Amino acid sequence: MTQLATPLPAPELGTPVVEMRGIRIAFPGVKALQGVDFRLLPGEVHALMGENGAGKSTLIKALTGVYAIDDGTVSVAGREQQFASPADSQAAGISTVYQEVNLCPNLTVAENMLLGREPHRFGRIDVKAMNARAGSILDRLGLSIDPGSGLGEHPIAIQQLVAIGRALDIEARVLILDEPTSSLDADEVTRLFTVIGTLRDQGVAILFVSHFLDQVFEISDRMTVLRNGKLVGEYRTDGITQLELVEAMIGRELEKLDRLEHHGTAAAPAEGRVPLLQVLGLSRKGSLQAVDLEIYDGEVIGIAGLLGSGRTELARLLFGADTADAGTIDVRGTRHRFRTPRNAIGAKIAFSSEDRRAEGVIEDLTIADNMLLTLQAARGWLRPVPPRTRERLVAEYIEALDIRPPEPGALMRNLSGGNQQKVLLARWLITQPALLILDEPTRGIDIGAKTQIQQLVAKLAADGMSVVFISTELEEVLRLSDRVLVMRDRTKIADRVNDESVTVAEILATIAAGAAATEEGNPDA
Amino acid sequence: GDDKAKPSAANDSITMGFAQVGAESGWRTANTKSVQESAKTAGIELKFSDAQQKQENQIKSIRSFIQQKVDIISFSPVVETGWDTVLMEAKRANIPVILTDRAVDSKDTSLYKTFLGSDFVVEGKKAGEWLVKQGDAADVNKDGAVKVVELQGTTGAAPAIDRKEGFEAAMKANPKIAIAASQTGDFTRDGGKKVMESFLKSQKNIDVVFAHNDDMGLGAIEAIEAAGLKPGKDIQIITIDAVKDGMTALADGKINYIVECNPLLGPQLMDLAKKVVAGEAVPERVLTEETVFDQTAAKAALAARQY
Amino acid sequence: MRELVRRPLFWPTLALLLLITLNTVVTPSFLSVRIQDGHLYGSLIDILRNGAPVLLVALGMTLVIATRGIDLSVGAVAAISGAVACVYIAGSDRPAAASTALVAIAIAVVCGLLLGLWNGFLVSVIGIQPIIATLVLMTAGRGLAMLITDGQITTVVNPAFKVLGAGFVATLPVAILIALAVFAVTAVLARRTALGMLIESVGINPEASRLAGIHARTITWTVYVFGAFCAGVAGLMIASNTSAADANNAGLWIELDAILAVVIGGTSLAGGKFSLLGTLIGAMFIQTLATTIPTIGIPAEANYLFKAIVVIAVCLLQSPKARAALRSRRPVRTVKADAA
Amino acid sequence: MSSSSSAVASTTWPDRLRGYSPPRRYLPVIATAALLIGMFGAGSLRYQGFADPQVVLNLFVDNAFLLVLGVGMTFVILTGGIDLSVGSVVALSTMIAASTLEAGWPAVAAVIAVLVSGTVLGTLMGLVIHYFDVQPFIASLAVMFLARGLCYLISVESIPIRDASFTSFAQGSVPLPGGYRVTPSVLVAVVVFAVGAWILHMTRFGRTVYAVGGSESSAHLMGLRVALIKVGVYTISGLCSALAGLLFALYTLSGYSLHAVGMELDAIAAVVIGGTLLTGGRGMVVGTMFGVLLLGTIQTFISFDGTLSSWWTKISIGALLLIFVVIQRLLTRRQA
Ligand SMILES: Nc1ncnc2c1ncn2[C@@H]1O[C@H](COP(=O)(O)OP(=O)(O)OP(=O)(O)O)[C@@H](O)[C@H]1O
Ligand SMILES: Nc1ncnc2c1ncn2[C@@H]1O[C@H](COP(=O)(O)OP(=O)(O)OP(=O)(O)O)[C@@H](O)[C@H]1O
Ligand SMILES: [Mg+2]
Ligand SMILES: [Mg+2]
């Protein structure tokens, strides 16, 4: 083990606004937190770091009264507190955005942001004032959606911003953000950071969790690192390097992170080769305008674009999750019509959704069941996967993806967010698809696992599988793909072979130019 | 607008609105059929409605009959109480009302013209009197006490309350007779069978079963037979109704005594209706023609039984 | 002991045992079983035999509930199936022949299946909320049953038909043997094939299941067909037990009993995980409760009160929070579920 | 601020355009209303006298208690719960009213006794459901048995109500223009309906009811008072049941332990037909009113027909219900 940066000596600290001492929380079979100390100062941005399952979310939930603490004390502003529910912690000035979006999809955006604090006159909610207030918060986040629209109609990224908006509206002295940026694009992140900066200057203490190291180094003042439910140390951000931080998190030296080479143009499509997938004029009213696309075996297609550019919609149409109004899809030269995901699965297409909670995990089933779900569905209920195969497959993927806890019988709902994502990935890999569509597969995944997944994608492609890779992280898209599609305003605006010349800046420029182009050419509002 | 111009019903056909309780038993179905058929025979146009055992539904139908301006309303109240309001509306609309099968306990007897039906208390009494008359023969197992188990109808239903009351009143005449257990069998065969099964296990030396209707009695017979006993011999059975299945069992010696409760009120009802519409006077209370059957009488009557 | 208490079925089982104990204290002969005419005879046997229809219906209901559905029509389906069988037997040339009984049973079962197809169609294809979709058949079904029997109680005298509900094979009641057989087959289908897992998956998260390629519609449809099949067989048992089809009262409120059995057995009405063994215990509990009332001599007017008290007691026993509160005076500090 | 409005104004999001058509969540209610009108039209064409406005008013007169029940039930169902006890509580309320009046209590005292006992039962049920995690179906089933049992404890026989103020209220009529009339009970029901709608759609409490129905765990994490809401809706339902019980007692001027058997199903059906999702989070009180009126219309249909035998009555009710929900479903299909 290399020399870690020295933990911060105590006297340097002012009076913490939050102080947690010796926190212990055990779930059946898991000691999630084993005597963790934690301090949060006013006017700082404090990053809570750790691998998937390290206990970050649990520590937050212990602080905000979601979980009862087995042992240890929590004090806020010097007073010892025993929060029995999130309502109590909120009353004590702690405003929280939890990791999974926790809003009510059946209510409007404004309602979600202001629930419990709605402006009202004589007991009657003032809808106008509510929408206006919500609108101004959305504004701060640079979000131009109708506050009166239903939350459920918006993609997960928007929902995440709405959740952040809700937390911002609470006049709090502590703001907790558990992976707020996991599905945001660069612009949104910048805007969010501006807001965070302002709040910090006003003296608000901000607790921030993220797996994006760059972001952490950009915004945070100090950080606390957890590993396996134990405290590793507290550091000043300017006193630690990225490498040291990663080593603190994973507890060992990392083989070079950027090991993965630029994947480059693996197989330039030879003349006359039948593409694996040939898409012509695929469109759906209100969500995607005609898109053409060809995918060849062993190709990784990256899709770049900003929020709402239609990437998810394209993926869903390719998979039959939504039905297209027009256009054709040929798989290896045969025409297919995907009315349900089953049709697409039959054509050996796999799709891992960006909305893990609503469209991915089956919370009350075990890891093993979740992994084998699609395989089983494809085999039909009468032919269960034989126990031996089952055990072998599950063990193999738990090991390959380093899923923790490595127990096939653990319930999915008890897994940390990152580990759930890995299980879902395994679900699709087990079906050995010809085309794997990954919508934000690295969302909420720690740095180590992210590298693992990227390597996996590269390896799968090398073995002949085609992959469609959608990610808000442009670097990641560029690093992995053979070709990059750029989307904007629900249509494809560029399709480029990803050679050395392509850069993040260039892609962003393309998107901006596309903006100009559409504004001139197509005033279709 | 409630002030109603009476349609010229005088010479052409009469329209009758009949609000039935429901179709909760075979007895009730026979009753309905009788009303429908005799209406046809009598040339009365019948508006029939089924309340599905709910008073509110019945009130609604009566109100809708008033709205439709029928000439006469007849109904078998689901329950005795609570008719004043709607009957008042009928009275205001000048529509006469005839009650069938069950009475209403309204203080204001001007709200209806007459009540046609049997008296449940009397039925219970008749059953009890027969048992008293049996004397020592009622004590089947000769232990000096006549141990009766009672299968009640649906708890709270008028026939159940009244039959129990009548039976208990008559039973007092012989101090040896005692009801050892009494439980509801909901007027069904299944209920009768299940309750009787339990009684057979928890009560020793049962002499007599008193069932509030034939169906529960028939269920009890099954339970008794399954226990290896002979219904009608080892345990005597008294029931009320006299539907065909009950009469058959009586004729076969499996039931000992049945008090009739006659569902065929149709012809009597239509007669009354015509008289009322024509403005003739009718008695305030008309009893249905009912009898009692023992085993020999049953054999004779069985052939002619229509329901 | 600790381990035992944690088992999900511990509390329902305990409740069942308590009820049996109560009966035995009041009527010492409650547990005694003797052989009479070559079959077992006693209160316990009655409970098993009379509990068979509820058990059957509850088995079907368990799977329906596991998919987040509910089936209110089971009582009506039971009535129809009984009515069809009895009317067929009563109207045939040889109303006492075993072959007639077999044909009648077959027709009734087919009717049940058709009604299940109907329910499943409304729920899974048209997409009507299960409670309303099955309410349609709950209302209309009784009418159909009465239409079939012409509103009369149709009595049949057919020894072969009687076997189904009141007969004995190898000293045991046929009804319970059938119910147990269906239980066993269901358990095997659910747990030895992948059906159980797929049903649970659809119940827990229908959208995620669809995206995982599960044929959610077929599965939903199938469970309603199965539910109606069970109800149909239960209806035959009820009819056979009294040798009569009572369109009005056969299976009246059996849906409530069945749902109660399912829930007491630990299956949540919110769908998802289900326990067939739990349902078995739940159904037996309900039947024991029904038998207890006349046995221990509760007056008819106190039936409901007694039932209410027992049900409340069982719910509280089963609730971990209530037990924790009973055990310690401290404020309850359990981990709050993170579920929706 | 300005940037947002300008962005919205010059928007390329087609969402904004959609804003002009009625929001999707009103669709079920609109569909229900349209169908109800259609059904009424069909009735008027078919049966003479059906089109009389008094027939419509009678729907309210005859279903006032169901409307009140439905309002309470809407609250419960919106949180994703269910209350099976309402029918029995109605019966118990009629019993309490009738027996206290018989014992010579003044009318006001009887009314208070009824309302208090209904509310207490509801609250107890809510407490058990929330704090002991007992499933609503089971808890309310237990209360259903309990209330029915208490009825029998009071009396197995029906008890008439002869109290002067009760009878005058029951037999009173409120004249409307055009010579039509309704009963005072209708006014009570309409007031309850209005208050219910107001609470649900205009107040914080109401919003939070929807939030709990949408996602209880989210509501909890958002720091909302989930306990208050969950206990609150059952309390409201208990109060509504007691009130409905009073209206029912007025309607029938009696107390009877077999009153309102199965009425909980009518109430639930009315709520669900009105477009409220049984899983919670979506629905409106107006919808419930349409649901109640629909059930009433079906009955009116049948009694105007007057030729259906008992079983055809049941089959027709089922068939009409079916036609209604299928068309409603097809109209709102795109909602998914
Ligand atoms: N409700 C629960 N029941 C049982 N185990 C749980 C529960 N919640 C979390 N765990 C376990 O506690 C450990 C810590 O989980 P936690 O969610 O705090 O991780 P995390 O650091 O937030 O990870 P990630 O970065 O993936 O979100 C994990 O092993 C997880 O499986
Ligand atoms: N900044 C924004 N302001 C308003 N609406 C937005 C914004 N971003 C996205 N949307 C909404 O997103 C919807 C399209 O999202 P879609 O899922 O296609 O995006 P995407 O390209 O897949 O991005 P993501 O990866 O975030 O899902 C549109 O209906 C639009 O209403
Ligand atoms: Mg986490
Ligand atoms: Mg997307």
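These figures come from a predicted structure and were not determined experimentally. Below, each value reflects all heavy atoms present in this structure, side chains not excepted, and no hydrogens, waters or symmetry copies.
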Worked check of side-chain contact (heavy atoms from CB on, under 4.5 Å) between A:L373 and C:L198: CA-CA 8 Å; A:L373 199 59; C:L198 297 182; 4.1 Å; yes
Distance (rounded to the nearest 0.5 Å) between C:I204 CD1 and A:D369 CG: 9.0 Å
When A:A350, A:P387, A:P384, A:G380 are compared by non-hydrogen pairs under 4.5 Å with chain C, the top option: A:P384
Chain C contact via A:V385 - which portion, at a heavy-atom distance below 4.5 Å: neither
Residue selection (most heavy-atom pairs with chain A, distance under 4.5 Å) from C:M197, C:E200, C:R192: C:M197
Heavy-atom contact with chain A under 4.5 Å, split by part of C:S209: both
Expected output: side-chain A:T374 to main-chain C:A212 donor-acceptor under 3.5 Å: yes
Residue among A:E100, A:R379, A:R383, A:Q376 with most heavy-atom pairs under 4.5 Å to chain C: A:Q376
C:R210 side chain to A:A321 backbone, donor-acceptor under 3.5 Å: yes
Interchain contact, A:I345 with chain C, by part (heavy-atom threshold 4.5 Å): side chain
Closest non-hydrogen atom pair between C:G213 and A:A377, with its separation: O-CB, 3.5 Å
Taking every non-hydrogen atom, the tightest pair across C:L189 and A:W381: CD2-CZ3, 3.8 Å
A:A358 backbone acceptor or donor facing C:N205 side chain under 3.5 Å: yes
Within 6.0 angstrom of C:K273 NZ, more than 12 heavy atoms from elsewhere: yes
